[in-house]
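Taking it in order: structure first as structure tokens, then the write-up.
Lettering of chains follows the sequences in order, A, B, ..., and the numbering in each one begins at 1. On a predicted model such as this, the values are computed, not experimentally measured, just so you know. In what follows, every heavy atom counts, from backbone to side chain, and hydrogens, waters and symmetry copies are set aside.
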There are 2 protein chains.
Amino acid sequence: MSAIAPLQIVIVGGVAAGASAAARARRLDEFAHITLLERGPDVSFANCGLPYYIGGEIGDRAALAVQTPTTLKQLLNIEVRTSTAAITIDRSNKRVQVQSIADGTIAWLPYDKLVLAPGAQPLRPPLPGIDDPRLHTLRNLGDMDRIKAAATAHVTVIGAGFIGLEMAEQFRHAGKDVTLVELQPQVLPQLDQAMTGLLEDELRRHDITLILGDGIASFHDADGRLGCTLASGRVVTTDLAVLALGVRPDTTLARDAGLVLGPRGHIKVDTFMRTSDPDIYAGGDAVEVEDFVTGEACAVPLGGPANRQGRLAADHIIRPAQTKPFPGVLGTAIVRVFEVTAGLTGWTEKRLKAAHRDYRVVTVNDNHHAGYYPGAQPLQLKLLWAPDSGRILGAQVTGLAGVDKRLDVIATAIMGGLTIDDLAQLELAYAPPFGAAKDIINLAAFTAVNARDGLVTPVDRIPDDPAVQVVDVRPPPLVAAHPLPREGIINIPFGQLRDRAGELDTSRPVVTVCALGKTSYFAARILAQRGFEVRSLTGGIRAHFDPRSPAKLPTP
Amino acid sequence: MSAIAPLQIVIVGGVAAGASAAARARRLDEFAHITLLERGPDVSFANCGLPYYIGGEIGDRAALAVQTPTTLKQLLNIEVRTSTAAITIDRSNKRVQVQSIADGTIAWLPYDKLVLAPGAQPLRPPLPGIDDPRLHTLRNLGDMDRIKAAATAHVTVIGAGFIGLEMAEQFRHAGKDVTLVELQPQVLPQLDQAMTGLLEDELRRHDITLILGDGIASFHDADGRLGCTLASGRVVTTDLAVLALGVRPDTTLARDAGLVLGPRGHIKVDTFMRTSDPDIYAGGDAVEVEDFVTGEACAVPLGGPANRQGRLAADHIIRPAQTKPFPGVLGTAIVRVFEVTAGLTGWTEKRLKAAHRDYRVVTVNDNHHAGYYPGAQPLQLKLLWAPDSGRILGAQVTGLAGVDKRLDVIATAIMGGLTIDDLAQLELAYAPPFGAAKDIINLAAFTAVNARDGLVTPVDRIPDDPAVQVVDVRPPPLVAAHPLPREGIINIPFGQLRDRAGELDTSRPVVTVCALGKTSYFAARILAQRGFEVRSLTGGIRAHFDPRSPAKLPTP
């Protein structure tokens, strides 16, 4: 049919970005020769599902094999070579040298366009004992099978990021005793620490031993079990350990080919996923792309961007004029830990601080749907925005239901360049089972606008300055249940504040405090208009006073 | 404290917009005199919760009373007068005449700023027998109590819009026999008909008698029961009927005061909620605002906009320079009917057609989260966009889970002015329990971009033209289970299409068909690149062939 010679497309890496590139290339060019090389035995498997097969939530292993070489041939006419490593790129002659892992056979494959989607390897720091066979990492179905087969009574997960939390939850789900070790003083170090209390409570509630602020130092044999010595000297004796310390890009091939890499070894690509060689594209965990919010280079090893990057590379190979550039990544991510969900999109406060960027922040608490309808669950949302433009920079959400929805809405808002004023006016779906007339997103934006306009000055912790009058406006039963642990708190229930404002000293600053951060705002308005210099504790004490037991706080 | 005379704010109507205006006004001006007038006995109640108390899902009636006159006085220092009607506005002297409903006492209230939030009344068309006491409408707690007390064995709901569906579901939940009557040939006439099949199936599955395409003509006594005669002559004999035919704005007061009204009697307001009298504001179900998508005047009687409009009116009264204009409404709305959820945001195809607006449309089917993770439920999403700009005009979603999230994301995308290209790149939260690497929203946008770029020509039904070759690419077991009911269908399973394309006549057009609309697109690409003029059935036969049993279709 095609009068010209068919396009030769070679793709290195057959999972998210690689498989997406192959499929899209075939839709766009029925007659291209498409070859997909995969070092491992499997292609196009659901790598985000691996922990759930280990834990038994996914019972059918075959469900993880989204495509096989046979189905890719049959449905997409793609030549798949598994257990085949791409070992050299000969850029001047546009060919790739490949080696069969089974028999060592070497061959050259010509390409018109090459797509690199090699992914990333789990980190294995060079610690004493790191080669102990009871130490595992999780990247592919083989790792998964080995871990599932080897996990016996006690398991230790080292690293409490997204994968570490999923592994810890799933090992517990499978009935193992679990210890979770994290170097940072919080789980999910991707989040700001004040947002992780609910997760930590939930892990402990499920009898996971949580060791925070302590890193792994070495491994050793301990009478036939595996000993993990931490930096503090503490020893965890276990049957199996999983390292979930993050990943590094698998870019030896690209480096050897002289492609430009970023400072941490990622392949640099432009917004059309082209590497420094215009006939070589790259996508997925191995590349560095733009941060959507700041335009800076960043690497985000997540399945969603990987799939879209692979697809976009194929688009640009076959129809460059119609291809829209990759907009950058937000790093939207989410994790479920038993009944609790937590996630983020865009920038966190700690990243903004570390980058010396200007930002404003509020934290709000509300229910995931109308409080009058049964089953309303608490949500906490932290919203960060740029003070100059009002644009949303990022958000973090934790709670028991509806976390994913709020993250997705705010991710969309960031991509639309929406401001806190826009967010205040979002018209979200409301019926009692699904939302509220004013969703927590509206509430966060209202609070942000109030702060921006000077109606309230949020403060994220109770100042130590003894000159400050700390006014706790919670009702007496709440105060009795969870007293603020400091001297000199002035308790004035909110309903009495107008009458009793005279008890306060107008010459001294005030910080108002309540359980969730809403009533303290109301109180701040009352006092500010009576001449006080007043600040309100953002998010209430749910976020800042007792992060280990936020869910136990009764609502006021 | 305040040296100048306090601002006098009078608010007519104490539910969503009125209560929000009162609360916001108090936060902004601690010393204003704020009077809230409410014709009924209750203020600030959760009117969206009324059906759920009738059905028993909300057991605690007190939960519906968000605020009471006592709490509004105590927390907000607002003077509330319930059972008090505003009967005249004397605009030249800036005063409102009020009358106590209990004793008829009349008095004048002066105002600096007046806020009208009178709401809307359920429609009661002047049909024979319309005054039968067994005929109810639902607006307030009193109506709710009467309906709950009077509902016995059989209930008839007339009108299958959002409220009608909620009432039907809740009566069934409470164990009643329910008949649901709708004039249009579909339930939820706010949606395009092809999107309502799943709802109708679900109603029937729960033994609700559904009468579509038949309107109510008259009521009569039928041996002590209530007879409802429909336009077709069919008679439904019942114990109680609820009219859920929509609402009309309660704007007699505004009309008598000479305020400018819209063509259907709504109060016209500007983007700061000012009526034609700059000292009189209005918000809620009684006003006409701008449609966000088109800028045209429209009236959307929903709780979310009402709350934000009331709040914005108070903002503009007290700090006009800092107030951002109301951006208009999208009409985002959602309803749960047993296990099925359906909703919309922005414009539907039927509205776009009726308004002679140019649009493009795709319908896609996918799971609400990764298919390899247990519990994935089918979702259907219909996406409409403007062909010139690519901007999203509206969406409809139905399914068993995750409907609210997709509506909220698309509502946010519309407010951000996002295009189909932007939507294709949305970075939504993905972990197996929450989403997929390519969410159904990405998928819909991919499909839209493919259509826009000419990669596929979607068609929304199988053409009758016998010259068209209808190629059904489903696997044989699916074809056997749900054959296409027409002559001359060519069955070629997708995996054989490349080999068997020669069986088709290149001189005749082709329409490809599959179950969900995805494989038929793949097939269309294969055939288009082999020289065929080909279109693909958008949304597959789930949407278009068997809308009464979409949930029963196995996935391919």
Only pairs of heavy atoms separated by less than 4.5 Å count here; which of B:P327, B:G303, B:P51 has the most with chain A? B:P327
What part of A:R24 is in contact with chain B, defined as an atom under 4.5 angstrom from a non-hydrogen atom: side chain, backbone, both or neither? side chain
Greater than 12 external heavy atoms within 6.0 Å of B:K518's NZ: no
Note: vs chain B, highest number of non-hydrogen pairs under 4.5 angstrom among A:T345, A:V329, A:D422, A:I414 is A:V329
Minimum heavy-atom distance A:A16-A:A306, with the two atoms named: CB-CB, 3.9 Å
Closest approach of B:R26 to B:I78 (non-hydrogen atoms, all atoms of both residues): CB-CD1, 4.5 Å
How many angstroms lie between atom CD of A:E30 and atom CG of B:L527, to the nearest 0.5 angstrom? 8.5 Å
Looking only at A:F494, A:F522, A:Y521, A:Y430, most heavy-atom pairs under 4.5 Å shared with chain B are made by A:F522
Residue pair A:S20 / A:N307: nearest heavy atoms and the distance that separates them: OG-OD1, 2.7 Å
One option among A:L423, A:V66, A:L64, A:T341 has the most heavy-atom pairs under 4.5 Å with chain B, and it is A:T341
Relative to chain A, which segment of B:V449 carries a heavy atom at a distance below 4.5 Å: side chain, backbone, both, or neither? side chain
Tell me the closest heavy-atom pair linking B:G331 and B:V300, and the distance in Å. CA-CG1, 4.0 Å
Contact winner vs chain B - A:L344, A:L312, A:L407, A:L330, heavy-atom pairs under 4.5 Å: A:L330
Look at B:N442, B:D499, B:I441, B:N450 and state which one has the largest set of heavy-atom pairs under 4.5 Å with chain A. B:N450
Is A:L455 in contact with chain B via its backbone, its side chain, both, or neither, using a 4.5 Å heavy-atom distance? side chain
B:L426, part contacting chain A, at a heavy-atom distance under 4.5 Å: both
Rounded to the nearest 0.5 Å, how far apart are CZ of A:F446 and CZ of B:R308? 7.0 Å
Quick one: CD on B:Q309 to CZ on B:F326, what's the gap to the nearest 0.5 Å? 4.0 Å
Interchain contact, A:D453 with chain B, by part (heavy-atom threshold 4.5 Å): both
What part of A:D29 gets within 4.5 angstrom of chain B, counting heavy atoms only: side chain, backbone, both, or neither? both
With a 4.5 angstrom heavy-atom cut-off, which part of B:A370 approaches chain A: side chain, backbone, both or neither? neither
Counting heavy-atom pairs under 4.5 Å to chain B, which of A:A23, A:G416, A:A429, A:A424 comes out on top? A:A429
Chain A: which of B:Q322, B:R319, B:R406 shares the most heavy-atom pairs with it under 4.5 Å? B:R319
State, to 0.1 Å, how close B:V456 and B:A524 come at their nearest heavy-atom pair, and which atoms those are. CG2-CB, 4.4 Å
Pick from A:E427, A:Q496, A:Q74 with the largest number of heavy-atom pairs that fall under 4.5 Å of chain B: A:E427
Under the side-chain hydrogen bond (donor to acceptor under 3.5 Å, both in side chains) test against B:K73, which residue among B:T71, B:T70, B:N77 passes? B:N77
So which of B:G375, B:P374, B:A436 has the largest heavy-atom pair count under 4.5 angstrom toward chain A? B:P374
So, the part of A:A62 with a heavy atom under 4.5 Å from chain B: the answer is neither
Measure B:D404 against the heavy atoms of chain A and call it side chain, backbone, both or neither at under 4.5 Å. both
Counting heavy-atom pairs under 4.5 Å with chain A, which one of B:I526, B:L428, B:I410, B:D439 comes out on top? B:L428
To the closest 0.5 Å, what do you measure between CG (A:L28) and CZ (B:R525)? 6.0 Å
Given heavy-atom pairs under 4.5 angstrom as the criterion, report whether the side chain, backbone, both or neither of B:R498 touches chain A. side chain
Quick one: pull up CD1 in B:I334 and CG in B:L302 and give me the separation to the nearest 0.5 Å. 12.0 Å
If you take all heavy atoms of A:Y52 and A:E169, which pair is closest and at what distance? CE2-OE1, 4.1 Å
Is it the side chain or the backbone of B:A65 that comes within 4.5 Å of chain A heavy atoms, both, or neither? neither
B:L418 versus chain A, heavy atoms under 4.5 Å apart: side chain, backbone, both or neither? side chain
Other residues, nucleotides and ligands only: do more than 12 of their heavy atoms fall within 6.0 Å of CZ on A:R452? yes
Engaged part of B:V409 at the chain A interface, taking heavy atoms whose separation is under 4.5 Å: both
